[in-house]
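Bear in mind the structure is a predicted one, so any value in this text is a computation, not a measurement. The first residue of the sequence shown is numbered 1, and numbering continues consecutively from there.
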Amino acid sequence: MKPTNNNKKLYVVIMLTVVLYMITCIVTYDTIDKFPALALSEEANQINQEEKNIAASKPLNSKEVLDNIIKLDRITHELSMLSTLDTPDIAARNAIIMDVATGRSLYKKNAFEQVAMASTTKIMTFIIVAEYCDIKDITTVSKESAATGGSTMHLKKGEEISVEALLYGLLLNSGNDAACALAEHTAGSITEFCKLMNEKARLLGAYDTHFTSPHGLDNNEHYTTCYDLALITKAAIQDPLFVKIISTKQITISGHSLTNTNPLLGEYEEVVGGKTGYTSKANRCLMLYVKNNNISAIIILLGSPSSAARISDGAYLTKYATKCFKTFTIECKGKILETIKVSKGTMSSVHNIITDNITLTLAKKDILKIEYITSHKFDMQQTAPVFSNDIMSTIYISSSDDLLCVVNCKPSSNVPRKTYTDHLSDIIRAFPNVFT
């Protein structure tokens, strides 16, 4: 109804009433859509229509969404083609198989017991040197390094040699002399180098590990666990040079003829490389990095009673890891898990988005026990502001008591709280239509 000369007083009363109602809305931070008399702009009407569509649609059920994303039927079919082997019964005192993609422990035997690690220590030695040094650097071998006992690459006092050559000697010949030369070059002394090793262990989550040397000769304060050593190895294999060296059978570099001490390299196509170790306290030790079309995994054996047992155990765990498990990557990053309504915000709703792909490493038996649990950290009706880096919910995927994957979900965008200016803008846009 448009005002005329005959109803000016009525027009003024209506105007005052409308303005007072608008002010009340602003002061109480109510959104403008609560004023039904306003015929909003075309854009606002579209938002209202979208809200109606969301309200009218079937609410998203997170389990139904995940069922559709994961497609268990396809996974079940692929798992049916895997082998089923007996759970390993090995001679080594301590062991673990760790899946590289997920960090899942596929097999454990006394995996958290603190024990001596012998020359598998040199995996961490490599990590520190690679982090702090240029492999083309040239160092001069000290008298102390050249005189180091145990396995060596036969360095001479005063010999000038590259860091790269020393790394080959460290990992192929398991050179204790190379370990000391690298430590002195990197940190100035063995003591300072071990500080770097222990700091890195903490950063990698290897909390039950302590280093007193870069080579691993017996010391009561020098120890690790299979789990920790697998974490350390998982970090090392991210460096292509580490993988290149441990997969090399023989090489002559800087006048030194070096041979890999890993007895399984070349015998099994799934074995990419590894690192051996031996001391009287640690007994026979072995790290293997294995890989095929199904899986990428790390095998740690500590405390094998003999070289033959170490080979036998390593071979069986290699077969067990690569034949009985398969890794699946489900592309779901950015997919909508739920829609969250937002009050007092610049948007009326926001999507709850899965932030990462889901990666699962499974055996045949797992598929019958998979469960999804979505833990919500929000109400389905949020009050602005909402921030895109807020974790709104977390998806836990498990098999029996074994946690397989954890994926967070976050809002698709920020939703600021409406300000006085926003409310005034809404009113100004809507005002011309009040009396039409």
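Not counting sequence neighbours, the partners of Phe211 by the ring pair (Phe, Tyr, Trp, His ring centres under 6.0 Å) test are His222. For Lys200, the salt bridge (charged side-chain N to carboxylate O under 4.0 Å, His left out) criterion is met by Glu131, not counting sequence neighbours. With sequence neighbours excluded, the residues forming a side chain to side chain contact (heavy atoms under 4.5 Å, CB included) with Asn283 are Tyr278, listed by chain and number. Checked against ring pair (Phe, Tyr, Trp, His ring centres under 6.0 Å), Phe112 has the following partners two or more places apart in sequence or in another chain: Tyr227. Partners of Tyr107 according to the side chain to side chain contact (heavy atoms under 4.5 Å, CB included) rule, which considers only residues two or more places apart in sequence or in another chain, are Thr87, Pro88, Ile90, Ala95, Ile97, Lys109, Leu317, Tyr320. Here Ala235 pairs with Ile127, Leu204 under the side chain to side chain contact (heavy atoms under 4.5 Å, CB included) rule; sequence neighbours left out. Shown here are the ring pair (Phe, Tyr, Trp, His ring centres under 6.0 Å) partners of His256, two or more places apart in sequence or in another chain: there are none. The side chain to side chain contact (heavy atoms under 4.5 Å, CB included) test applied to Lys319 returns Leu85, Lys323, not counting sequence neighbours. Partners of Phe126 under the ring pair (Phe, Tyr, Trp, His ring centres under 6.0 Å) rule, at least two apart in sequence or in another chain, are Phe242.
Val406 has its side chain within reach of Thr394: a pair of non-hydrogen atoms, C-beta onward, lies under 4.5 Å apart. Residues Cys409 and Ile354 have side chains in contact (heavy-atom distance under 4.5 Å, counting atoms from C-beta outward). For the pair Asn68/Glu64, no side-chain contact is recorded, criterion being any heavy-atom separation below 4.5 Å from C-beta on.
When each of Lys333, Lys335, Glu331 is checked for a side chain to side chain donor-acceptor pair (under 3.5 Å) with Asn357, only Glu331 meets the rule. Looking at Thr359, Asp402, Thr327 one by one, the single match for side chain to side chain donor-acceptor pair (under 3.5 Å) with Arg104 turns out to be Asp402. For the side-chain contact (heavy atoms from CB on, under 4.5 Å) criterion with Cys405, the lone passing option out of Asp356, Thr102, Leu360 is Leu360.
Looking at Ser174, its side chain never comes within 3.5 Å of a backbone N or O of Leu171 through a donor-acceptor pair. Side chain of Asn260 to backbone of Ile246: a donor-acceptor contact under 3.5 angstrom is found. Of the possible polar contacts, none joining the Asn414 side chain to the Pro416 backbone as a donor-acceptor pair under 3.5 Å is found.
Pairs engaging residues 158-187 under the salt bridge (Lys or Arg N to Asp or Glu O under 4.0 Å) rule: Lys136-Glu164 [sequence neighbours left out]. Legend: ring-ring contact (aromatic ring centres under 6.0 Å, His included) pairs involving residues 138-168, not counting sequence neighbours: none detected. Each salt bridge (Lys or Arg N to Asp or Glu O under 4.0 Å) pair with one or both residues in residues 274-285, not counting sequence neighbours, would appear here, but there are none.
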*Apply the test side chain to side chain contact (heavy atoms under 4.5 Å, CB included) to residues Thr225 and Asn94: give CA-CA distance (whole Å), side-chain angles for both, the deciding distance (0.1 Å), then the verdict.*
CA-CA 8 Å; Thr225 69; Asn94 311 85; over 6 Å; no

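The existence of a salt bridge linking Glu192 and Lys195 is confirmed by a sub-4.0 Å separation between a basic side-chain nitrogen and an acidic carboxylate oxygen.
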